[in-house]
Colleague: 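One structure is given below, represented as structure tokens, and several questions about it will come after.
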Amino acid sequence: MARTPRSRTLLAIGSALAAIIAMVVPMAGTAAAAPAPGPLVWSDEFNGAAGSAVDQSKWRFDLGGSGWGNNEQQYYTSSTRNAAMDGAGNLVITARRENPSNFQCH
């Protein structure tokens, strides 16, 4: 039986589709196992009381509003209104549109 142009086109599409699937879907059992993680070298669990500041022996604040070379239009503070623990093991960082100290940095 002779192949028609339509059957050749369908065969070519089928072959291309099979090649794409073979590239996208790996064969079962061929994935390499992930390497074991290395030892933990540092952590902070943020397990302080709600509203408390971070442990400043582990963290430091960048303070100021001079743009630091990229013309940032913001001022960095060490206030717990901007960065504080929530009492549930999380650090909450909040950006606020305010200027309580009347900074003139912009």
Side-chain angles (χ1 to χ4, degrees):
M1 176 159 136
R3 295 197 176 165
T4 65
R6 179 176 167 87
S7 66
R8 277 185 251 149
T9 300
L10 291 175
L11 181 61
I13 291 171
S15 296
L17 184 58
I20 291 169
I21 291 172
M23 288 186 283
V24 175
V25 180
M27 298 292 289
T30 61
L40 178 65
V41 294
W42 186 87
S43 71
D44 192 346
E45 282 66 43
F46 303 113
N47 54 4
S52 63
V54 296
D55 179 349
Q56 292 191 20
S57 71
K58 297 178 181 179
W59 298 96
R60 70 175 180 84
F61 290 95
D62 288 332
L63 302 176
S66 60
W68 290 324
N70 63 0
N71 298 315
E72 293 179 359
Q73 298 292 306
Q74 56 196 8
Y75 194 90
Y76 291 87
T77 75
S78 59
S79 171
T80 55
R81 285 183 36 80
N82 300 104
M85 290 180 263
D86 68 357
N90 302 296
L91 174 63
V92 179
I93 300 172
T94 307
R96 299 181 183 282
R97 182 179 294 266
E98 61 186 9
N99 191 0
S101 298
N102 199 28
F103 294 118
Q104 301 298 312
C105 55
H106 307 120

Colleague: What distance do Phe46 atom CZ and Lys58 atom NZ have between them, rounded to the nearest 0.5 Å?
Modeller: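 If I round to the nearest 0.5 Å, the distance is 8.5 Å.
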Colleague: For Leu63, what residues pass the side-chain contact (heavy atoms from CB on, under 4.5 Å) criterion, not counting sequence neighbours?
Modeller: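 With sequence neighbours excluded, Leu63 shows a side-chain contact (heavy atoms from CB on, under 4.5 Å) to Phe61, Ser78, given in chain and number order.
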Colleague: Mind checking side-chain contact (heavy atoms from CB on, under 4.5 Å) for Ser57 and listing every partner two or more places apart, or none if nothing turns up?
Modeller: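 With sequence neighbours excluded, Ser57 shows a side-chain contact (heavy atoms from CB on, under 4.5 Å) to Asp55, given in chain and number order.
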Colleague: Got a second to check how far Thr77's OG1 is from Glu98's CD, nearest 0.5 Å?
Modeller: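 Rounded to the nearest 0.5 Å, the OG1-CD separation comes to 7.5 Å.
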Colleague: Report the residues that fulfil salt bridge (charged side-chain N to carboxylate O under 4.0 Å, His left out) with Arg60, sequence neighbours left out, ordered by chain and then residue number.
Modeller: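 Arg60 satisfies salt bridge (charged side-chain N to carboxylate O under 4.0 Å, His left out) with Asp62 only.
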Colleague: Under the 3.5 angstrom rule, does the side chain of Asn90 hit a backbone N or O of Val92 as a donor-acceptor pair?
Modeller: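 Not at all, since once roles are kept as given, no pair shorter than 3.5 Å links the two residues.
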Colleague: Of all heavy-atom pairs between Leu91 and Ala83, which one has the smallest distance, and what is that distance?
Modeller: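 Taking every non-hydrogen atom into account, CD1-C, 4.3 Å.
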Colleague: Quick one: OH on Tyr76 to CG on Asn82, what's the gap to the nearest 0.5 Å?
Modeller: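 Spacing of OH (Tyr76) from CG (Asn82) equals 11.0 Å.
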Colleague: Same cluster for Leu40 and Trp59 if Ile/Leu/Val/Met/Phe/Trp/Tyr side chains link at under 4.5 Å?
Modeller: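 Result: no, two separate clusters.
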